[in-house]
Amino acid sequence: MTGPIRLLHLALLVIGIGAAAALFVIFGHAARAAWRERRSRPVLERGRIALAAVGVNPRVDRSDIGLLRALPRRLQVRLFVELMPSMAGTQRQRMAALAHEIGLAGAAEGMCYSRKWWRRLRGVRLLTAVGGGEGVVPDLLFDRHPAVRAEAAEWAGQHPRPEIVERLIKLLETPEAVGSWVLRDSLLRIGIPCIPALAAYLETHSGAQAEPALEVAAGLADPRFSAAAVRLCGDPEPSVRARAAALAGAIGGDALVRRLETLLVDLDEAVRAAAAASLGRLGHWPAATELARMLRDPAWIVRSQSALAMRRLGSPGHLLLRRALDDPDRFAADIARQVLDMPETTAERDQWR
Amino acid sequence: MSAYEVAAWVLVKLEWAILAYFLLVNGWYFILLASAGLEMRRHALLSRGQARWKMLGSRVVPGISMLAPAYNEAATIGESVRALLALYYPNLEVVVVNDGSRDETMAVLIDQFDLAPIHPIFPRRVSSAAVVALYRSRTHPNLVVIDKQNGGKADALNAGLNLATGDLVCAIDADTLIEPDALIRMVRPFIDDDRVIAAGGTIRIANASKVESGRIVETRVPRRALPGFQVVEYLRAFLFGRLGWNRLGGNLIISGAFGLFRRDLMLAAGGYLHETVGEDMELVLRLRRTGYERGGAHRVDFIPDPVAWTEAPSSLRVLARQRDRWQRGLSDVLWRHRGLLFNPKYGRMGTIVYPYFLVNELFAPVVEAVGFVGVILGLLLGAINWPFAILFFLTAYGLGALLTLTALVLEEMNFHRYHTFGDRVMLVVWALLENLGYRQLTVVWRLKGMWNYVRGSRQWGKMDRTGFTTVRKTPPADATDAGKKARA
């Protein structure tokens with residue numbers, strides 16, 4: 001038994017050392033964090049006041065800059081990341097210039113060249129917060145790490161230069177490269193400057209490649225997307241037709257309304273529902289009778305969206321909804337009842353978007 | 001060979017088998033721990049400095065429907081629903097399901113949220129007990145309330161699922177307190193990766209913490225032993241148990257108190273299963289299994305920082321019922337999905353994760369009990385050497401305590417949720433004492449759960465709660481009257 005007992009003694013020794021190390025980390029880390037926080041609190045407070053003064057006052061006090069420059073890098077980062085999101089316009093520009101002056105933006109740019117992905121990620125995040133990075137971040141849209149690519153796309157959302165917009169739109173062909181949400185969100189944040197490139201993209205793309213672009217276009221609701229919307233309402237993919245119908249409802253116009261009316265008899269229920277919702281959104285009351293007919297559609301989503309669309313049409317829709325209460329089709333009568341019961345705000349929210 | 005010698009021989013061999021099992025289990029724990037450490041580091045690097053607030057202003061985030069089943073929650077439902085409606089998420093729908101409460105839950109809801117009854121029709125995609133009435137709020141457009149006949153939690157969640165419209169569904173318990181930014185953190189894996197079908201967050205124990213308006217305002221470690229043990233138990237389970245699985249083949253469990261799922265897949269899978277008390281684990285297994293079988297998405301992520309707080313049982317009786325139910329649920333789910341065992345068709349879920357749950361989770365109490373009884377008999381019969389037994393016990397105890405202390409290290413290094421020195425001392429105290437009595441009690445309860453499962457018990461068990469450390473408001477009399485009138 002001496003062998004196993006020796007082994008157990010050794011195991012106990014290792015466990016004891018491990019437990020002591022764990023206790024040291026738990027209490028040591030807590031003590032260190034508390035000490036650092038206590039020590040940096042007055043410095044941070046002074047830095048906060050100096051930074052706010054630079055943001056508000058066009059005349060920069062050199063002593064404020066000196067104070068900020070003297071702060072340790074981690075505190076500089078903390079201050080800028082804390083204050084920059086609530087700044088806009090000239091205040092933000094001033095603070096971005098200050099970040100440059102004290103070397104914070106330069107340090108962040110340096111991090112973007114690091115071989116470690118997490119340092120590149122931190123670099124882009126810092127540049128997104130404090131501004132700058134035009135020379136280095138666009139290349140990171142094609143970085144080998146997905147998180148860095150996604151962060152670069154978020155940065156691009158704040159820098160609507162034509163070549164950056166072009167790159168973002170090019171990524172719509174493979175949205176999984178940066179994450180579809182980041183891409184769509186960045187393009188929507190860019191807004192008007194991305195419309196010409198996005199319209200051109202939609203002219204030439206269809207199917208799955210057009211879907212995220214259609215969602216962005218519907219959010220921007222610009223008439224320059226009309227031609228693409230008309231074309232994509234005839235796309236073979238039902239999900240694309242549904243998105244195109246939503247875009248048509250966001251833009252409006254005779255051609256698109258006519259196209260929407262044809263989609264009311266589409267074979268796919270999601271497309272019919274989107275077309276009905278879009279006609280309601282446009283307030284196209286001549287479609288009220290057709291929408292009333294759709295209350296008898298076999299698909300719940302179509303009946304529901306048609307009824308909500310009728311409610312949005314105002315008096316003609318309300319009248320037909322009330323008539324539908326006596327419809328021999330029980331499903332039509334039921335959905336009309338439910339939508340008429342709904343509080344105003346609720347009906348607005350449930351509309352297809 | 002005499003009977004005594006045979007018994008001694010069996011006991012010695014049994015002890016060697018137990019020792020082998022001990023090494024296997026603890027080896028696995030240390031692999032999980034290493035994996036959790038790596039995963040935590042990756043998570044910290046990915047989330048450090050992330051501007052989550054940007055998501056609040058986004059028009060393209062996936063919609064989330066919170067499903068909150070409620071049964072006899074009149075005292076707290078108003079506060080709970082208001083806390084849900086105030087979560088930081090731009091595209092949120094709250095679906096409250098009153099599961100046939102016998103108290104004034106429905107009346108309180110009607111009164112406090114100005115509910116308007118609407119014609120109760122909806123697409124019945126998954127089965128549930130009959131819906132009595134359907135309400136929409138005049139003041140909160142994103143609030144839906146379903147009043148249905150009692151059918152249990154799974155049934156209530158299915159009813160909510162029928163009405164939910166979000167891309168993602170978040171299932172919670174009515175008494176769960178969710179941190180305001182938890183959804184923004186939890187949705188991240190879904191928007192970063194299309195292959196994610198479900199995600200779970202950390203559940204922490206709120207006993208002794210201070211609650212105001214449905215939010216934790218001061219975190220404290222309970223000074224009472226039973227909730228205290230559960231605090232360290234939960235930290236260990238979530239911070240290295242579940243996190244570790246992210247790298248080793250994915251999780252099989254997402255807590256029923258706080259989990260996010262893709263709605264389309266839930267509906268395609270038929271929603272929650274009524275016939276089991278482990279409905280949350282069963283759903284995760286079914287979703288993953290279907291994903292593997294159809295060649296579709298099957299990834300389940302655990303994210304350590306979205307936090308939900310829950311009240312842990314503070315009496316032995318209630319805790320025993322809870323552990324009994326958990327063990328019955330585990331037994332039932334593993335039996336239902338026994339086809340996964342060592343089946344390479346299901347990848348690492350079949351070859352690593354399922355066998356681990358079978359050996360380390362399901363049969364652990366059996367082996368522990370046999371080992372314990374065997375050691376006592378062996379010592380009485382003189383078949384086992386005393387110094388060896390004592391050293392073995394100390395090693396087992398030390399390993400258990402070391403694992404829990406390491407979970408506390410992960411907590412301290414990454415989340416730092418307990419601020420005072422006294423709280424940290426208490427965490428260490430509970431971690432050191434947990435294996436002396438409490439763990440053995442859980443073994444007994446789990447064995448009882450297995451026995452009850454074999455006998456066919458499907459009871460949920462009554463879960464009495466004492467309530468959080470907060471001011472509880474009773475519904476005013478006029479409120480309940482108004483509610484009754486509205487229902488009439």
Side-chain angles (χ1 to χ4, degrees), chain A residues 1 4-5 8-9 11-12 15-16 18-19 21-23 25-27 29-31 33 77 81 85 117-118 121-122 125-126 128-129 146-147 150-151 154 157 176 179-182 184-185 188-189 215-216 219 300-301 304 331 334-335 337-350, chain B residues 19 42 45-46 48-51 53-55 57-62 93 114 116-123 134 136-144 165 190-194 385 387-388 391-392 394-395 398-399 401-402 405-406 408-409 411-413 416 418-419 421 424-425 427-428 432:
Chain A
M1 266 304 196
I5 285 181
L8 287 176
H9 273 127
L12 272 174
I15 291 168
L23 289 174
V25 173
I26 293 169
F27 291 103
H29 183 270
V77 171
V81 168
W117 68 266
W118 53 270
L121 182 66
R122 280 197 73 195
R125 277 194 182 149
L126 201 47
T128 309
E151 200 60 42
E154 280 199 51
E176 63 283 355
S180 173
W181 172 76
V182 176
R184 285 174 292 148
D185 189 61
L188 277 168
R189 281 179 201 280
E215 197 179 349
V216 177
W300 161 270
I301 182 77
S304 151
F331 295 103
D334 275 345
I335 198 71
R337 173 81 273 153
Q338 187 177 63
V339 168
L340 284 170
D341 283 348
M342 274 189 183
E344 189 66 46
T345 47
T346 302
E348 181 75 24
R349 189 189 184 275
D350 285 6
Chain B
L19 186 63
R42 182 181 155 271
L45 292 174
L46 278 174
R48 194 157 131 196
Q50 196 172 47
W53 55 269
K54 276 190 180 167
M55 209 177 270
S58 172
R59 290 149 70 183
V60 282
V61 286
E93 173 185 62
D114 195 9
I118 63 168
H119 193 46
I121 53 158
F122 55 89
L134 204 56
R136 297 299 297 259
S137 168
R138 293 186 186 93
T139 50
H140 299 84
N142 56 341
L143 175 62
V144 181
T165 58
F190 292 92
I191 60 179
D192 286 344
D193 189 343
D194 292 340
N385 180 308
F388 179 81
L391 279 173
F392 182 73
L394 284 176
T395 310
L399 273 176
L402 181 61
L405 286 176
T406 321
L408 298 187
V409 169
E411 149 70 19
E412 176 58 39
M413 301 279 286
H416 207 62
Y418 298 102
H419 302 293
F421 178 76
R424 287 190 194 95
V425 170
L427 279 178
V428 171
L432 296 178

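Below, read A as the first sequence line, B as the second, and so on, with proteins coming before strands; counting in each chain starts at 1. Quick caveat, the model's predicted, so the values are computed rather than measured.
The greatest number of non-hydrogen atom pairs below 4.5 Å with chain A, out of L143(B), T139(B), L399(B), is found for L399(B). Of the listed residues (S137(B), P62(B), G57(B), A401(B)), the one with the most heavy-atom contacts under 4.5 Å to chain A is S137(B). Of all the listed residues (I191(B), D192(B), V60(B)), the one sharing the greatest number of non-hydrogen pairs under 4.5 Å with chain A is V60(B). With chain B as partner, the option from A21(A), A147(A), P85(A), A129(A) having the largest number of non-hydrogen pairs under 4.5 angstrom is P85(A). Ranked by heavy-atom pairs under 4.5 Å with chain A, the first of V428(B), L432(B), L134(B) is V428(B). When R138(B), M413(B), H419(B) are compared by the number of non-hydrogen pairs under 4.5 Å with chain A, M413(B) comes out ahead. Annotation: maximal heavy-atom pairing with chain A below 4.5 Å, among R48(B), E411(B), M55(B), occurs at R48(B). Of the listed residues (D341(A), V81(A), V216(A), V77(A)), the one with the most heavy-atom contacts under 4.5 Å to chain B is D341(A).
Between G219(A) and R59(B), the shortest heavy-atom contact is O-NH2, 2.5 Å. Contact detail for G49(B) and R125(A): the closest heavy-atom pair is O-CD, 3.4 Å. Here the shortest heavy-atom pairing between R42(B) and W117(A) reads O-CH2, 4.5 Å. Nearest heavy atom pair, residue D185(A) against residue S58(B), reads OD1-OG, 2.8 Å. Closest heavy-atom contact between A19(A) and L402(B): N-CD1, 3.4 Å. The shortest non-hydrogen separation linking I5(A) to P387(B) is CD1-CB, 4.3 Å.
Summarising the geometry, atom CG belonging to L23(A) is positioned 5.5 Å from atom CG belonging to L405(B); distances are rounded to the nearest 0.5 Å. We find the CG-NE2 distance between D334(A) and H119(B) to be 3.5 Å, quoted to the nearest 0.5 Å. The CD1 atom of I121(B) sits 4.0 Å away from the CD1 atom of I335(A) when rounded to the nearest 0.5 Å. Considering CG of L46(B) and CH2 of W118(A), their distance stands at 12.5 Å, rounded to 0.5 Å.
Looking only at side-chain heavy atoms (C-beta outward), V25(A) and E412(B) stay at 4.5 Å or farther from each other. L391(B) is listed as a side-chain neighbour of L12(A), based on a closest heavy-atom distance under 4.5 Å. Using a 4.5 Å cut-off on side-chain heavy atoms (C-beta onward), F122(B) and Q338(A) make no contact.
Residue contact with chain B, scored on non-hydrogen atoms closer than 4.5 Å, involves the side chain of L121(A) exclusively. Using a 4.5 Å cut-off between heavy atoms, A31(A) makes no contact with chain B at all. With a threshold of 4.5 angstrom between heavy atoms, A30(A) approaches chain B through its backbone and through its side chain. Contact of F392(B) with chain A is made through backbone and side chain together, with heavy-atom distances under 4.5 Å. L188(A) touches chain B through its side chain: at least one heavy atom from C-beta onward sits under 4.5 Å away, while N, CA, C and O do not. Both the backbone and the side chain of V425(B) come within less than 4.5 Å of a heavy atom of chain A. Looking at T128(A), the atoms closer than 4.5 Å to chain B (heavy atoms on both sides) all sit in the side chain, from C-beta outward.
Here E215(A) pairs with R184(A) under the side-chain hydrogen bond (donor to acceptor under 3.5 Å, both in side chains) rule; sequence neighbours left out. With sequence neighbours excluded, no residue satisfies side-chain hydrogen bond (donor to acceptor under 3.5 Å, both in side chains) with H9(A).
By the 6.0 Å contact criterion, CZ on F27(A) is enclosed, its count of non-hydrogen atoms from other residues, nucleotides or ligands being greater than 12. More than 12 heavy atoms of other shown residues, nucleotides or ligands fall within 6.0 angstrom of atom CG in D193(B).
Classified by interplanar angle (parallel below 30°, tilted 30° to 60°, perpendicular above 60°), the ring pair H29(A)/H416(B) is perpendicular.
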